[in-house]
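The structure under discussion appears below in the form of structure tokens.
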Amino acid sequence: MLLERLVQNLVENGIRHNTPEGGWVRVTSRTDADGSAIVEVTNTGPAVPKYEVPSLFEPFRRLGAERLATRAPGAGLGLSIVRAVARAHGGEVHAEPREGGGLTVTVTLPAAQEPGDGAPAP
């Protein structure tokens, strides 16, 4: 259920913080050679200064209304929840501004453990 919320928050943020006209959101998932699961959400939108990226994962942090494609601003919790869920599952999240505007947010989760191998499944 938490992983579902993680993906939902990523996609909602990609839509909410997008270019209102002609914008797009791309959602991809894949498995790395080591079995790690990767979910990536990329969008168009206003430029995000690289120095602002770490603060996007802080609770109640928003960069401004000019970045919103929708009228509903949200509470500023989306990416902080994503980070908390990723960490709770032994994973990590990384965001990178796109040249020309927008953001790519990548969540990496470790490979699931096989039952009986001594480690709980994430």
Side-chain angles (χ1 to χ4, degrees):
M1 192 159 147
L2 289 176
L3 293 175
E4 181 179 328
R5 184 59 157 167
L6 178 149
V7 173
Q8 180 181 355
N9 282 9
L10 285 176
V11 173
E12 284 180 358
N13 273 356
I15 293 168
R16 182 178 286 128
H17 301 286
N18 204 345
T19 304
E21 296 295 324
W24 52 263
V25 176
R26 179 177 56 229
V27 180
T28 61
S29 64
R30 64 185 183 278
T31 305
D32 259 1
D34 67 356
S36 297
I38 299 170
V39 176
E40 188 171 87
V41 176
T42 302
N43 75 337
T44 52
V48 177
K50 194 168 184 84
Y51 65 85
E52 289 279 10
V53 170
S55 68
L56 294 176
F57 293 96
E58 297 303 319
F60 308 109
R61 179 71 169 118
R62 293 176 287 183
L63 287 184
E66 70 279 357
R67 295 192 65 244
L68 295 176
T70 65
R71 294 179 186 209
L77 291 171
L79 290 179
S80 66
I81 292 170
V82 167
R83 180 178 64 182
V85 172
R87 287 180 175 173
H89 287 82
E92 59 186 39
V93 61
H94 174 76
E96 191 67 35
R98 292 184 61 251
E99 187 173 320
L103 199 64
T104 297
V105 181
T106 305
V107 175
T108 305
L109 299 169
Q113 302 295 319
E114 293 296 323
D117 69 359

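Closest approach of Leu79 and Phe57 over heavy atoms only: O-CD2, 3.5 Å. Taking each heavy atom of Val82 and Val107 in turn, the nearest pair found is CG1-CG2, 3.9 Å. For Gly90 against Pro110, the heavy-atom pair with the smallest separation is O-CD, 3.4 Å. Nearest approach of Ala95 to Val105, heavy atoms of both residues: CB-CG2, 4.1 Å. Ala47 and Pro49 make their closest contact through O-CD, 3.8 Å (heavy atoms, listed as atom of the first residue, atom of the second, distance). When all heavy atoms of Gly101 and Arg98 are compared, the pair lying nearest together is O-NH1, 2.9 Å.
For the side-chain contact (heavy atoms from CB on, under 4.5 Å) test, residues two or more places apart in sequence or in another chain that qualify with Arg5 are Gln8, Asn9, Ile81. Evaluation of the salt bridge (charged side-chain N to carboxylate O under 4.0 Å, His left out) rule for Glu96 yields Lys50 as partners, not counting sequence neighbours. Every residue meeting the side-chain contact (heavy atoms from CB on, under 4.5 Å) condition with Glu92, not counting sequence neighbours, appears here in chain and number order: Thr108. Residues satisfying the side-chain contact (heavy atoms from CB on, under 4.5 Å) test with Ala84, not counting sequence neighbours, are none.
Once rounded to the nearest 0.5 Å, the distance linking CD of Glu12 with NE2 of His17 reads 10.0 Å. To the nearest 0.5 Å, atom CG of residue Leu6 and atom CD of residue Glu4 are 11.0 Å apart.
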### Task
List the steps and the verdict of side chain to side chain contact (heavy atoms under 4.5 Å, CB included) for Asn13 and Leu103.
CA-CA 10 Å; Asn13 273 356; Leu103 199 64; over 6 Å; no
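Under the 4.5 Å side-chain heavy-atom criterion for grouping Ile, Leu, Val, Met, Phe, Trp and Tyr, Val39 is connected to Leu2 within one hydrophobic cluster. A chain of hydrophobic side-chain contacts below 4.5 Å, direct or via other Ile, Leu, Val, Met, Phe, Trp or Tyr residues, connects Leu109 to Val27.
Inter-residue side-chain proximity for Val48 and Leu56 is flagged as met; some heavy-atom pair is nearer than 4.5 Å. Using a 4.5 Å cut-off on side-chain heavy atoms (C-beta onward), Thr42 and Trp24 make contact.
Sorted pairs that involve residues 37-46 and meet salt bridge (charged side-chain N to carboxylate O under 4.0 Å, His left out), not counting sequence neighbours, are lacking altogether. For residues 26-35, the pairs satisfying side chain to side chain donor-acceptor pair (under 3.5 Å) are Asp34-Ser36, with sequence neighbours left out.
Counting only distance, with no hydrogens or angles, the side chain of Asn43 and the backbone of Gly102 share no donor-acceptor pair below 3.5 Å.
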